[in-house]
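Let me begin by presenting the structure, written as structure tokens, before commenting on it.
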Amino acid sequence: MDGGKKIKHMKLNWGIGIAIFYICFVTAMISVVIKSCHNQSDLVKEDYYQLDLDYEDHRQKKMNAKLLPENVAIEYDKHSHSISLSFPDSMNQISGDIHLFRPSDKYLDMHYSIDVLNQNNFNVILDKDILHGLWEVRLDWSGDGVPYYINSKIII
């Protein structure tokens with residue numbers, strides 16, 4: 001004998017099973033909604049509609065860059081903590097913008113202006129506190145009145 005103790009088993013019927021399923025389902029949906037509200041999703045560009053409208057101009061700039069007799073050299077120098085740009089020797093009156101794009105956080109992006117009159121080399125001295133890792137260099141410039149665009153990845 002078991003000392004007079006009786007063990008009662010709870011019988012699970014369909015109604016209790018369905019109620020447990022719905023409670024679990026509602027709990028899962030609420031947790032998904034809460035998690036999605038706390039997820040930060042930045043757009044790469046705030047003005048992407050305008051960029052879509054200007055796509056043909058952007059495509060032409062990229063095609064102009066491909067047709068250059070020499071490629072623009074983009075290099076990161078660890079010792080001087082700078083990015084050096086070397087434009088083709090045949091190009092004069094170079095002006096434009098450099099956009100350092102950080103894929104992981106748009107708030108770390110940096111912009112610099114290019115203005116080269118005599119030499120075809122340009123150096124960008126970077127901040128000492130720039131984060132190390134993958135950066136994309138987006139170079140949008142014009143030389144001799146012709147617009148160009150290239151992008152390149154560098155590791156700082």
Side-chain angles (χ1 to χ4, degrees), residues 17-156:
I18 291 172
I20 291 172
F21 173 78
Y22 280 126
I23 289 170
C24 291
F25 178 76
V26 168
T27 304
M29 287 295 109
I30 290 172
S31 66
V32 166
V33 168
I34 290 171
K35 185 171 180 155
S36 67
C37 289
H38 292 291
N39 187 16
Q40 179 184 3
S41 59
D42 297 328
L43 295 173
V44 174
K45 290 283 189 174
E46 297 293 333
D47 56 346
Y48 58 91
Y49 288 121
Q50 185 61 38
L51 290 173
D52 187 41
L53 295 173
D54 296 337
Y55 180 74
E56 185 60 33
D57 293 336
H58 181 72
R59 191 187 68 75
Q60 185 60 47
K61 288 179 183 181
K62 289 172 79 172
M63 185 61 68
N64 290 344
K66 285 184 181 180
L67 296 175
L68 284 172
E70 303 172 48
N71 291 333
V72 175
I74 301 173
E75 296 177 2
Y76 171 68
D77 184 13
K78 187 188 313 183
H79 301 293
S80 65
H81 203 57
S82 66
I83 296 175
S84 64
L85 306 171
S86 297
F87 296 96
D89 292 332
S90 61
M91 193 175 291
N92 295 316
Q93 298 176 353
I94 301 166
S95 64
D97 295 312
I98 301 171
H99 177 199
L100 290 179
F101 173 73
R102 179 71 175 199
S104 62
D105 189 356
K106 74 175 185 176
Y107 297 108
L108 298 175
D109 292 1
M110 290 180 262
H111 296 274
Y112 299 95
S113 294
I114 304 170
D115 193 18
V116 180
L117 297 176
N118 297 330
Q119 301 175 344
N120 288 7
N121 297 322
F122 186 77
N123 286 333
V124 177
I125 307 296
L126 302 174
D127 295 334
K128 295 294 180 188
D129 57 347
I130 190 170
L131 289 180
H132 294 280
L134 178 67
W135 289 84
E136 186 174 320
V137 178
R138 296 177 178 176
L139 182 57
D140 190 358
W141 85 100
S142 66
D144 298 324
V146 179
Y148 300 96
Y149 177 86
I150 60 170
N151 58 350
S152 177
K153 293 183 181 355
I154 61 170
I155 296 178
I156 294 177

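In this chain, residues are counted from 1 in sequence order. Values reported hereafter were calculated over all heavy atoms of this structure, with side chains retained and with hydrogens, waters and symmetry mates removed.
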Legend entry - Closest approach of Ser90 to Asn120 (non-hydrogen atoms, all atoms of both residues): N-ND2, 4.3 Å

Counting distance only, does the side-chain N/O of [X] pair as donor-acceptor with the main-chain N or O of [Y] below 3.5 Å?
X: Asp140; Y: Tyr149; value: no
X: Asn151; Y: Glu136; value: no
X: Asp144; Y: Asn92; value: yes

Interatomic spacing from [atom1] in [X] to [atom2] in [Y] - rounded to 0.5 Å:
X: Lys61; Y: Asp54; atom1: NZ; atom2: CG; answer: 8.5 Å
X: Leu67; Y: Tyr148; atom1: CG; atom2: OH; answer: 8.5 Å
X: Ile156; Y: Ile130; atom1: CD1; atom2: CD1; answer: 4.0 Å
X: His58; Y: Met63; atom1: NE2; atom2: CE; answer: 11.5 Å
X: Lys62; Y: Tyr55; atom1: NZ; atom2: OH; answer: 6.0 Å
X: Ile114; Y: Phe122; atom1: CD1; atom2: CZ; answer: 6.0 Å

Inset, instruction - Apply side-chain contact (heavy atoms from CB on, under 4.5 Å) to Tyr112 and Leu126, showing your working. - result: CA-CA 10 Å; Tyr112 299 95; Leu126 302 174; 3.8 Å; yes

Inset, instruction - Apply the test side-chain contact (heavy atoms from CB on, under 4.5 Å) to residues Trp135 and Leu108: give CA-CA distance (whole Å), side-chain angles for both, the deciding distance (0.1 Å), then the verdict. - result: CA-CA 10 Å; Trp135 289 84; Leu108 298 175; 4.0 Å; yes

Inset, instruction - Fit a plane to each ring of Phe101 and His99, take the angle between them on a 0 to 90° scale, and name the class: parallel (under 30°), tilted (30 to 60°) or perpendicular (over 60°). - result: perpendicular

Inset, instruction - Assess whether side-chain contact (heavy atoms from CB on, under 4.5 Å) is satisfied between Ser113 and Asp97, documenting all intermediate values. - result: CA-CA 5 Å; Ser113 294; Asp97 295 312; 3.7 Å; yes

Do the side chains of [Y] and [X] get nearer than 4.5 Å, heavy atoms only?
X: Val72; Y: Ser86; result: no
X: Val124; Y: Ser82; result: no
X: Pro147; Y: Asn64; result: yes

Legend entry - Atom CE of Met110 with >12 non-hydrogen neighbours under 6.0 angstrom: yes

Inset, instruction - Determine, stepwise, if the pair Ile74 / Ile150 fulfils side-chain contact (heavy atoms from CB on, under 4.5 Å). - result: CA-CA 10 Å; Ile74 301 173; Ile150 60 170; 3.8 Å; yes

Legend entry - Residue pairs fulfilling side chain to side chain donor-acceptor pair (under 3.5 Å) with at least one residue in residues 67-77, sequence neighbours excluded: Tyr76-His81, Asp77-Ser80

Inset, instruction - Would you mind telling me which of Ile125, Ile98, Leu100, Leu139 makes a side-chain contact (heavy atoms from CB on, under 4.5 Å) with Ile83? - result: Leu100

Legend entry - side chain to side chain contact (heavy atoms under 4.5 Å, CB included) partners of Ile30, counting only residues at least two apart: Val26, Ile34

